[in-house]
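Notes follow once the structure below has been shown.
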There are 2 protein chains.
Amino acid sequence: MKEQVSIKQIAEICGVSVATVSRVINDNGRFSEETRQKVLSAIKQTGYKPNKLAIGLRKNKSNIIGILVPDITNGFYSAVVKKCEQALSKNGYSSIVCNTDRSAEKEANYLQTLSEHMVDGIIIISTNPSDHYLNVNIPIVFIDRNPDIESKIVITSDHYYGALEATNYLIKTGFSPYIITTKTKAITTKERVRGFYDAIKQHKIDSTDRMLTLHSTSNEFLDKNTEALTFIKNISDKKIGIFTINDNVAYITLQTALKLGKKIPDDFSIIGFDDAPISKIATPQISSIHQNTDELAEKATQLLMEKLADPDNPMNVTKTIPTNLILRNTTLPS
Amino acid sequence: MKEQVSIKQIAEICGVSVATVSRVINDNGRFSEETRQKVLSAIKQTGYKPNKLAIGLRKNKSNIIGILVPDITNGFYSAVVKKCEQALSKNGYSSIVCNTDRSAEKEANYLQTLSEHMVDGIIIISTNPSDHYLNVNIPIVFIDRNPDIESKIVITSDHYYGALEATNYLIKTGFSPYIITTKTKAITTKERVRGFYDAIKQHKIDSTDRMLTLHSTSNEFLDKNTEALTFIKNISDKKIGIFTINDNVAYITLQTALKLGKKIPDDFSIIGFDDAPISKIATPQISSIHQNTDELAEKATQLLMEKLADPDNPMNVTKTIPTNLILRNTTLPS
DNA sequence: CTGAAAGCGCTAACAC
DNA sequence: GTGTTAGCGCTTTCAG
């Protein structure tokens, strides 16, 4: 075990004071070229590493960002987290990643822990409302959640417009539009549902009995889902077009339609949401609304960096990232 | 912005010394029930949070574990990371997750950063050899990498036996066995290849021309892969059984076989490795060797905890986690 | 250009 | 049962 060497020992080796060493390390203040060389070579020889705990304590800044994510195992979220982590790393920050499991309680606990670790900022990816973050006075940026507070930084995909576009496409290609969603309080879901109904309204289509809400809140796309089966069976339209709240539900819907012997995409069309990996892996490949995860992540990081650079700026900003429709094999060409 | 309150202020409020407050907080040493109450209520009122940076500096312990992972976006890795994070959290540790992108350079950088952050331990998930961790004197446990050092803690699936079992199954169900692998130096790959050839040897099957090594190192399972196409076309056996080095390659193989009009699983059988989500999503669902991610993660965490509890113990341990064959629809029943 | 010294928030002897 | 104090490794005035 190598001994951990401190700035003090570097100072001794070089015959200078710790202050001088510190100056050299941070290239801050003045020092002669000669001392610089001495210090630098001593650092190299000893393998000295600055102790970020001490620096953090002193500067009241940890250089760590906390990332709260519902489920790292979900393709959409992991893509966002990965990009955030990369972008933060480029800015000199490390990331503590926390799985909230969509639990408000876990979220609260993690917020507490992060705050104790003196993280400089937090990125919360979540669609569920919660107000635990009110106890914490650390810069936060929200991805996809729009909290009910005065001053906030929110990055979100254009869920409303994405749903509108998907539904319009279904209608335009000759299908009678339906929506399958899940039981949740997520604001993103609400926006998508709103987009669906607005599209219907624009086309003056009767809106009754067009929505199925799955009771399973599980992610498990392989759930035996009899709800979807019954729902689809009961639709009398010849050409059925289903907009699903996400790609996992699209996958369930696809499997159900296949089981019912539906002809896809001629008589049965599906458009999912998220453009998660599953939509490309399924057979046939599922058309979906693409969320630009890279831009979501980069914008979130960028805004957080701006906030950190100027913490007193209230910065009440909401940034909407456009979505776009990816046509695959569960839709007809336009 | 609430002011950050320190132990000193709690002490003032309660009219006691900081030492006493510290004792109460850590339930360590003696204090009267009365002071305990006073301190506790002051903490509650003020919303005091212990500063882990200061604690860490003092105790030389950060309560953070670093996790190095090749790609958080990969279903297998994200499952392991998630479980590690949960298990560590239960033990009072936070996790800094770092994507190495399979780059030795990035790995080295992250190792440096983690070490500066004074992490108490590191979990490295990686199959590629590298020796940057030699510069760091922090307890490390390796998942799937078996470094060439004296004293180490290694957790690994039984890649050899998994491959052996898969190949045997292919042979037993009447297929002529082949293997498709990727170009990599990963030890896990080597073990799997070894398992494949040993199974062949056991059955006295001629081993020439049974392996295709894909040159694409990319994860992108949708790569147009002409190599696989040519390879499969050139096989003259009536019943072809392919063991693939992982599920992404199994997916490519499946798509290729489908394109060639092969009858699956009657004339063409596939077994992948990892049991990643993709194997369940594909149509038909792909049989695969299941790696027990939960146990991998839990064992790794547990051994790391043991090491941290007793750092001077050299603990040269290698723990092999059994795999098992999951039969789905790319294999014949036995 | 450099050094001395204070102090970030906390814990752990040591004293009483 | 409680207070005093030193010090973890570092940055940052303030002197000189």
Side-chain angles (χ1 to χ4, degrees), chain A residues 2-40 42-43 46-64 92 112-113 115-120 137-138, chain B residues 2-40 42-43 46-64 92 113 115-120 137:
Chain A
K2 266 181 243 165
E3 262 320 302
Q4 196 56 33
V5 14
S6 79
I7 204 173
K8 200 171 164 188
Q9 313 184 40
I10 300 290
E12 273 169 17
I13 292 174
C14 301
V16 298
S17 74
V18 289
T20 300
V21 177
S22 171
R23 287 189 191 100
V24 172
I25 290 173
N26 299 295
D27 196 13
N28 165 358
R30 287 190 313 235
F31 42 82
S32 72
E33 177 59 20
E34 195 195 334
T35 18
R36 203 181 75 92
Q37 293 300 346
K38 262 196 300 187
V39 169
L40 256 33
I43 287 177
T46 55
Y48 163 81
K49 298 188 186 91
N51 182 330
K52 295 224 166 145
L53 258 29
I55 298 176
L57 179 59
R58 183 57 230 242
K59 297 217 231 183
N60 204 25
K61 180 169 184 332
S62 63
N63 262 273
I64 298 180
Q112 169 80 16
T113 306
S115 143
E116 292 175 357
H117 274 302
M118 301 283 139
V119 298
D120 299 331
N137 60 358
I138 299 170
Chain B
K2 267 182 244 166
E3 262 317 302
Q4 196 56 31
V5 12
S6 79
I7 205 174
K8 199 172 166 187
Q9 313 185 41
I10 300 290
E12 271 168 20
I13 292 173
C14 302
V16 297
S17 75
V18 289
T20 301
V21 176
S22 172
R23 287 189 192 102
V24 172
I25 291 173
N26 299 297
D27 194 14
N28 166 355
R30 286 190 315 231
F31 41 83
S32 72
E33 177 58 21
E34 194 194 334
T35 21
R36 202 180 76 93
Q37 292 299 346
K38 263 196 300 188
V39 169
L40 256 33
I43 286 177
T46 55
Y48 163 80
K49 296 188 187 90
N51 183 330
K52 296 224 167 146
L53 257 29
I55 298 176
L57 179 58
R58 182 59 231 241
K59 298 217 229 181
N60 203 25
K61 180 172 185 330
S62 63
N63 263 272
I64 298 181
T113 306
S115 142
E116 292 175 358
H117 275 301
M118 301 283 139
V119 298
D120 300 331
N137 60 357

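Values reported hereafter were calculated over all heavy atoms of this structure, with side chains retained and with hydrogens, waters and symmetry mates removed. Residue numbers start from 1 in every chain, and the chains themselves are labelled A, B, ... in the order their sequence lines are given, proteins ahead of strands.
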Open item on the list: Is the phosphate of D:dT2 approached by B:Thr35 (side-chain N or O, under 4.0 Å from OP1 or OP2)?
Closed with: yes
Open item on the list: Is there a side-chain contact between A:Ser32 and the phosphate of C:dT2, meaning an N or O under 4.0 Å from OP1 or OP2?
Closed with: yes
Donor-acceptor pairs are to be reported for all side-chain atoms of residues 14-22 of chain A against protein atoms at under 3.5 Å, with residues two or more places apart or in another chain.
{"unit_1": "A:Ser17", "atom_1": "OG", "unit_2": "A:Ala19", "atom_2": "N", "d": "3.4"}
{"unit_1": "A:Ser17", "atom_1": "OG", "unit_2": "A:Thr20", "atom_2": "N", "d": "3.4"}
{"unit_1": "A:Ser17", "atom_1": "OG", "unit_2": "A:Thr20", "atom_2": "OG1", "d": "3.3"}
{"unit_1": "A:Ser22", "atom_1": "OG", "unit_2": "A:Asn26", "atom_2": "ND2", "d": "3.4"}

TODO: Check every atom of D:dC10, C:dC10, C:dT2 against the side chain of A:Phe31 and return the nucleotide holding the closest atom.
DONE: C:dT2
Task: Atom-pair distance (CZ on B:Arg30; P on C:dA13), nearest Å - done: 16 Å
Task: Nearest-angstrom distance from the residue atom CD1 of A:Ile10 to C1' of D:dG9 - done: 12 Å
Open item on the list: Please evaluate residues B:Ile43 and B:Ile25 with respect to the criterion side-chain contact (heavy atoms from CB on, under 4.5 Å), reporting the C-alpha separation (whole Å), side-chain torsions for both, the decisive distance (0.1 Å), and the verdict.
Closed with: CA-CA 9 Å; B:Ile43 286 177; B:Ile25 291 173; 3.8 Å; yes
- [ ] Take atom CD1 of A:Ile7 and atom P of C:dG7, then tell me their distance rounded to the nearest Å.
- [x] 19 Å
Open item on the list: Is it true that, when you exclude B:Glu34 itself, more than 12 heavy atoms of the residues, nucleotides or ligands shown sit nearer than 6.0 Å to its CD?
Closed with: no
Open item on the list: Reading DNA chain D from 5' onward, which residue's closest nucleotide shows up sooner: B:Arg36 or A:Arg23?
Closed with: B:Arg36
Open item on the list: With a cut-off of less than 4.0 Å, is there a side-chain N or O of A:Thr20 near OP1 or OP2 of C:dG3?
Closed with: yes
Open item on the list: Quick check for you: among C:dG9, D:dG3, D:dG9, whose closest atom lies nearest to any side-chain atom of B:Ala54?
Closed with: C:dG9
Open item on the list: From NZ of A:Lys59 over to P of D:dC8, roughly how many Å is that when rounded to an integer?
Closed with: 21 Å
Task: Distance, rounded to the nearest Å, where A:Lys61 contributes NZ and D:dG9 contributes P - done: 22 Å
Task: Salt bridge A:Glu116-B:Lys52, side-chain N to carboxylate O under 4.0 Å - done: yes
- [ ] Round to the nearest Å and state the distance from A:Asn60 atom CG to D:dG9 atom C1'.
- [x] 16 Å
Task: B:Asn28 vs C:dA12: side-chain N/O to OP1/OP2 distance below 4.0 Å - done: yes
Task: Nearest-nucleotide comparison on DNA chain D, the residue closer to the 5′ end among A:Pro50 and B:Glu33 - done: B:Glu33
Task: CA sep, side-chain torsions, deciding dist, call: A:His117, A:Ile64, side-chain contact (heavy atoms from CB on, under 4.5 Å) - done: CA-CA 8 Å; A:His117 274 302; A:Ile64 298 180; 5.8 Å; no
- [ ] Mind calculating the distance between CG (B:Leu53) and P (C:dG9) to the nearest angstrom?
- [x] 11 Å
Open item on the list: Rounded to whole Å, please give me the gap between CD1 in A:Ile55 and C1' in C:dC8.
Closed with: 13 Å
